[in-house]
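Bear in mind the structure is a predicted one, so any value in this text is a computation, not a measurement. For ligands, and for the atoms within them, numbers begin at 1 and follow the listed sequence. Atoms considered below: every heavy atom in the structure, side chains included; atoms not considered: hydrogens, waters and symmetry mates.
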Amino acid sequence: MKAACLSLIVAALALSACNHSAPQAVAPVAKTPAPAASAPKKAALFVPPPESAIPSDDFGKQVALGRQIFIDPGRYAKAYVGNALSCENCHLDAGRLAHSAPLWGAYPMYPAYRSKTHDVSTFAARLQGCFNYSMNGKAPPQGDAVLVALESYAYWMSKGEPIGVAPPGHGYPKLPKPAIAPDYTRGEAVFKRDCALCHGDDGQGQQAAGRTVFPPLWGTQSFNWGAGMEQVNNAAGFIKANMPLGRGNTLSDQDAWDVAYFMDAHERPQDPRYTGSIPATRAAFHDTPESLYGATVNGQLLGRGVAARP
Ligand code: HEC
Ligand code: HEC
């Protein structure tokens, strides 16, 4: 309880400290009756500055460009994108939404050691990873204008946060292990009931006028076998908090695990680290129960990959 109150106070201070234009913002907080009794159990979430606060100077231009790239990388970072997804499809509200791996949850936590790469990744290197795998594209080189803009956007959004302290709402939620092992057939039923309306019966999403309206969940235009969303626990956490869109946290944990398993038991573009053999690639990069790469599900050997572009 003490820790929760403390972090609330810290968050309130941080907010008022960066809110130069509204010093009176502190007053309503003081008037709130009986703060100890009515304090929410969950720690306060960081509130990133509104888009309208992006400055119009040269730095602000990079921030605004970073936001555009994040929302529509197929247009603003075309050379590095190999599918129909945008960053925002998995990092909702232009990277602002808590529990959907927001940029303000990530920026203060790098450089960090990552077991995926066995090294300390800078924030720029982390951005490169999402191009290689989630976007099934290729990483912009260090110092590239695309990385400069994305990094400026994330830095601007994180202003006022402590460095190296994982903010509440960062990443995707970690769901408790399911009561019964995730299952393809049950997942398929959840998919038909709660997902197919938008993502299509075949999971291929919907396009209108060359733009993705509902993103594909598998197949040639989706994330590849090296992406974080390929791990069933990551997908289950994202889905539980954010899907069906607009009705987050309405699925049971078991439904979220089952539908994540169903989604991740479909073919998608090959892992770019493919060694030439599925078992060897599994041993090198997918040696976890959370990955279905190299497993046989529903009679299909997974990990054969589908070509990204014709
Ligand atoms: C298919 C979904 C998907 C897409 C598309 C996607 N990402 Fe990600 N991203 C993830 C997943 C999954 C993680 C890991 C989240 C976790 O560890 O909780 C992640 C992590 C990140 C992180 C680190 C988050 C943290 O808290 O450490 C950053 C930064 C990031 N992505 C940026 C981007 C950018 C920029 C793009 C577009 C170029 C992009 N992502 C596209 C799924 C996606
Ligand atoms: C009302 C429409 C709608 C429904 C229903 C819906 N989604 Fe989504 N989903 C979206 C949209 C739109 C996005 C992209 C969000 C954005 O860009 O802001 C998305 C994004 C996603 C993503 C990340 C992007 C990708 O292609 O991998 C996954 C995974 C996902 N949805 C899974 C599901 C699952 C599983 C269900 C069913 C439990 C579901 N969705 C139900 C509209 C929907």
Side-chain angles (χ1 to χ4, degrees), residues 66-67 69-74 76-77 80-81 83-97 99-110 112 114 116 121-137 139-140 146-147 149-151 153-154 157-158 166-167 169-174 187 190-200 203-206 212-219 221-224 227-231 233-248 250-251 255-264 268:
R67 183 177 173 278
I69 294 170
F70 199 84
I71 292 172
D72 195 356
Y76 294 99
Y80 304 117
V81 172
N83 63 21
L85 299 186
S86 76
C87 312
E88 182 178 43
N89 288 162
C90 302
H91 304 278
L92 305 194
D93 193 15
R96 303 166 57 90
L97 192 70
H99 310 295
S100 105
L103 287 174
W104 52 260
Y107 188 83
M109 300 306 290
Y110 288 85
R114 295 190 70 217
K116 181 170 184 172
S121 296
T122 61
F123 186 74
R126 184 68 189 84
L127 294 172
Q128 288 180 314
C130 264
F131 278 101
N132 274 329
Y133 306 114
S134 294
M135 304 304 301
N136 191 36
V146 164
L147 294 185
L150 283 170
E151 201 166 345
Y153 179 47
M157 197 187 283
S158 308
H170 78 102
Y172 298 137
K174 308 265 174 278
V190 177
F191 180 82
K192 284 185 175 155
R193 188 189 71 204
D194 287 322
C195 319
L197 176 70
C198 295
H199 292 287
Q204 296 312 289
Q206 295 177 47
T212 298
V213 183
F214 298 115
L217 303 184
W218 60 81
Q221 294 304 312
S222 192
F223 55 93
N224 70 36
M229 199 64 94
E230 170 272 332
Q231 302 223 343
N233 56 342
N234 282 337
F238 169 84
I239 290 166
K240 169 81 183 188
N242 300 296
M243 293 292 142
L245 191 71
R247 291 194 286 132
T250 60
L251 291 179
D255 281 357
W257 279 102
D258 287 339
V259 78
Y261 183 94
F262 172 77
M263 173 178 90
D264 282 340
R268 52 186 65 265

Tell me whether His170 has any N or O atom under 3.5 angstrom from an N or O of ligand 1. no
Among Ala94, Cys195, Ser134, which one has a heavy atom closest to atom 37 (C) of ligand 2? Cys195
Suppose we measure from [atom] to each protein heavy atom; which comes out shortest, and what is that distance?
atom                    : value
atom 11 (C) of ligand 1 : Tyr172 CE1, 3.7 Å
atom 1 (C) of ligand 1  : Cys90 SG, 2.8 Å
atom 29 (C) of ligand 2 : Met263 SD, 3.6 Å
atom 12 (C) of ligand 2 : Leu245 CD2, 3.5 Å
atom 38 (C) of ligand 1 : Cys87 SG, 2.6 Å

Report the relative orientation of the aromatic rings in Phe70 and His91; use parallel for angles under 30°, tilted for 30 to 60°, perpendicular for over 60°. tilted
What class does the angle between the rings of Trp218 and Phe191 fall in, given that below 30° is parallel, 30 to 60° is tilted and above 60° is perpendicular? tilted
Do Pro216 and ligand 2 have an N or O pair less than 3.5 Å apart? yes
Counting only nitrogen or oxygen atoms and a 3.5 angstrom limit, does Ser86 reach ligand 2? no
Using a 4.0 Å cut-off to any heavy atom of Gly228, which atoms of ligand 1 qualify? 12 (C)
In this structure, does ligand 1 have an atom that sits under 4.0 Å from one of the heavy atoms of [X]?
X      : result
Arg126 : yes
Phe238 : no
Met135 : yes
Tyr110 : yes
Asn89  : no

Check each heavy atom of [X] against ligand 2 and say whether those closer than 4.0 Å belong to the side chain, the backbone, both or neither.
X      : result
Leu251 : side chain
Phe191 : neither
Ile239 : side chain
His199 : side chain

At less than 4.0 angstrom from any non-hydrogen atom of Val213, what atoms of ligand 2 do you find? 12 (C)
Think Lys192 forms a cation-pi with Phe262, using NZ or CZ under 6.0 Å from the six-ring centre and within 45 degrees of its axis? no
Please examine the side chains of Asp72 and Ser86, heavy atoms only from C-beta on, and report whether any two atoms are closer than 4.5 Å. no
Leu251 side chain reached by Asp194 side chain, heavy atoms, under 4.5 Å: yes
Donor-acceptor check, side chain of Glu88 to backbone of Ala94, threshold 3.5 angstrom: yes or no? yes
Atom 8 (Fe) of ligand 1 to His91: nearest N/O/S atom name: NE2
Any N/O/S atom, backbone or side chain, of Met243 lying under 2.8 Å from atom 8 (Fe) of ligand 2? yes
May I ask you to check whether Cys130 brings an N, O or S atom to under 2.8 Å from atom 8 (Fe) of ligand 1? yes
Protein heavy atoms near atom 18 (O) of ligand 1, is at least one of them under 4.0 angstrom away? yes
